[in-house]
Student: 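The structure follows.
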Amino acid sequence: MKWKSAKYLYMHPSFSGMVVGLLSGIIGYKTLCAKPHIEYEELPDKKRRGKEILKYGIPERPGDLMFYKNHVLSYNAASRIPFWVAEHLTKDSLSGKANRKFSDFKPDPSIENLFMSENSDYWNSGWSRGHMAPAGDNKHDQEAMDESFLLTNIVPQDLSNNAGFWNRLEMYCRKLVKNYDDVRIFSGPVMVPETDQDGNIYVKYRVIGKNHVAVPTHLFKVIVADSADSNQFVAAFLVPNKPITFERKLRDYQVDVSRIESLIGFRLLPNLKAKSMKNLCNNEGCNLISKEEFEKIFLTSRIKNSRNIKDLEMQWKSATEQLDGKPSKHLKEAYNEAKQTLQARN
DNA sequence: CGGGGTTGATGG
DNA sequence: CCATCAACCCCG
């Protein structure tokens, strides 16, 4: 069977770069086998035949591999959502003043309309537009943040999940750069097979809008954190695309990387030896921020984004009330800073 | 931090 | 007529 798959790989245009490596493997295989099923000399003939069969061109997969300023992705042109999106987080890439208020969700101009989703597919669908490479991972560069809003990086996501559990998972990933110099992340949608009432197994998912954008049943995130002593700490998570309460722990959703790979059909870390991989959660804990910490963050955000003094005072009042009159130093600083900038504007 | 929505003015 | 955009409102 190994031999058969090697033949296929040789013919497949996507693997043309591997031809040299495969040939050496094939020759090595021949020396081991008394009766090879195929002669090496036959392969060029098959390639010539293939070119004749594919007279009108090799079928292509639009968006198979897309590079942006701060992320890389593979686009699923049939589902109108990515297969996977990859990122590299460092202290530098997470610091800056790029702001999502300058960015807009829009179709990716690199993908022809036939294969591209639109904002209208999401409107009134009941599903929010969820970033795979988060906007908040691009604070260092407004253009990079703008690119994260292209719909090639977006999947239909439950709003509560997007703004809640998944948001906190993204915050957890950003926090890792404090203890690890390099953090690499894969994120993407998953269609998990499910046993139906008839006892058979189905992959079932909704599609939305006139472009039939696929709604994933789950989302995955695979984290690789490089430590200073050159260890790779890895964790993979498979998260249902539905509301998740604060009672649930991140560890409840941890799975093997191979479980994700099996579901999506991609080897995500082909060059990372399983031996050198260590469980991030054993080293790190994998704890999301608490409900209280989480709520403080958007209280701070509302204060920072106040449009005028009156709005600011209103937000400050409701924030201090919610915190029983005991706002943190950080919140007070945000309030004072916002007050200064708003006063300077007048 | 992550999202949702409405309205009114504008312009081809 | 529809599409775009800024301003404004709201939520956890």
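Letters go in sequence order (proteins before strands), and every chain restarts at 1.
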Student: Which part of the nucleic acid, if any, lies within contact of A:Glu170, taking any heavy atom under 4.0 Å across all strands shown: a base, the sugar-phosphate backbone alone, or nothing?
Tutor: sugar-phosphate
Student: In whole angstroms, how far is the C1' atom of B:dG3 from the CH2 atom of A:Trp166?
Tutor: 16 Å
Student: Using whole Å, report how far CG of A:Asn99 lies from P of B:dC1.
Tutor: 6 Å
Student: Do A:Tyr180 and A:Phe233 have their ring centres less than 6.0 Å from each other?
Tutor: yes
Student: Can you see if the side chain of A:Arg100 gets near the phosphate of B:dG2 - specifically, an N or O under 4.0 Å from OP1 or OP2?
Tutor: yes
Student: Is there, by distance only and without an angle test, a donor paired with an acceptor across the side chain of A:Arg302 and the base of C:dG12 below 3.5 Å?
Tutor: yes
Student: Is the aromatic ring of A:Phe298 within stacking range of B:dG2, meaning centres under 5.5 angstrom and planes under 30 degrees?
Tutor: no
Student: A:His131 has a side chain; which of B:dG4, B:dG3, B:dC1 sits nearest to it?
Tutor: B:dG3
Student: Is the A:Phe83 ring parallel, tilted or perpendicular to the A:Phe266 ring (thresholds 30°, 60°)?
Tutor: tilted
Student: Starting at atom CG of A:Asn153, determine the distance to atom P of B:dG2, rounded to an integer number of angstrom.
Tutor: 12 Å
Student: Are any of A:Asn162's side-chain N or O atoms less than 4.0 Å away from OP1 or OP2 of B:dG3?
Tutor: yes
Student: Contact class for A:Lys291 (heavy atom, under 4.0 Å): base, sugar-phosphate, or nothing?
Tutor: nothing
Student: With clusters defined by side-chain heavy atoms of hydrophobic residues (ILVMFWY) lying less than 4.5 Å apart, directly or transitively, does A:Phe186 cluster with A:Phe67?
Tutor: yes
Student: Look at all strands and tell whether A:Asn124 reaches a base, only sugar-phosphate, or nothing, counting heavy atoms closer than 4.0 Å.
Tutor: sugar-phosphate
Student: Could you work out which one of B:dG4, B:dG2, B:dC1 sits closest to the side chain of A:Ala135?
Tutor: B:dG2
Student: Consider the side chain of A:Ala163, meaning its heavy atoms from C-beta on, and name the nucleotide among B:dG5, C:dG12, B:dG4 that approaches it most closely.
Tutor: C:dG12
Student: Are there more than 12 heavy atoms of other residues, nucleotides or ligands under 6.0 Å from atom CG of A:Asn113?
Tutor: no
Student: When the ring planes of A:Phe294 and A:Phe298 are compared, do they come out parallel, tilted or perpendicular, using 30° and 60° as the limits?
Tutor: perpendicular
Student: Would you mind classifying the nucleic acid contact of A:Gly136 as base, sugar-phosphate or nothing, using non-hydrogen atoms under 4.0 angstrom?
Tutor: sugar-phosphate
Student: When you measure from the side chain of A:Arg129, which nucleotide among B:dG4, B:dC1, B:dG2 comes out closest?
Tutor: B:dG4
Student: If you look at every strand shown and take non-hydrogen atoms under 4.0 Å, does A:Ser301 touch a base, only sugar-phosphate, or nothing?
Tutor: base
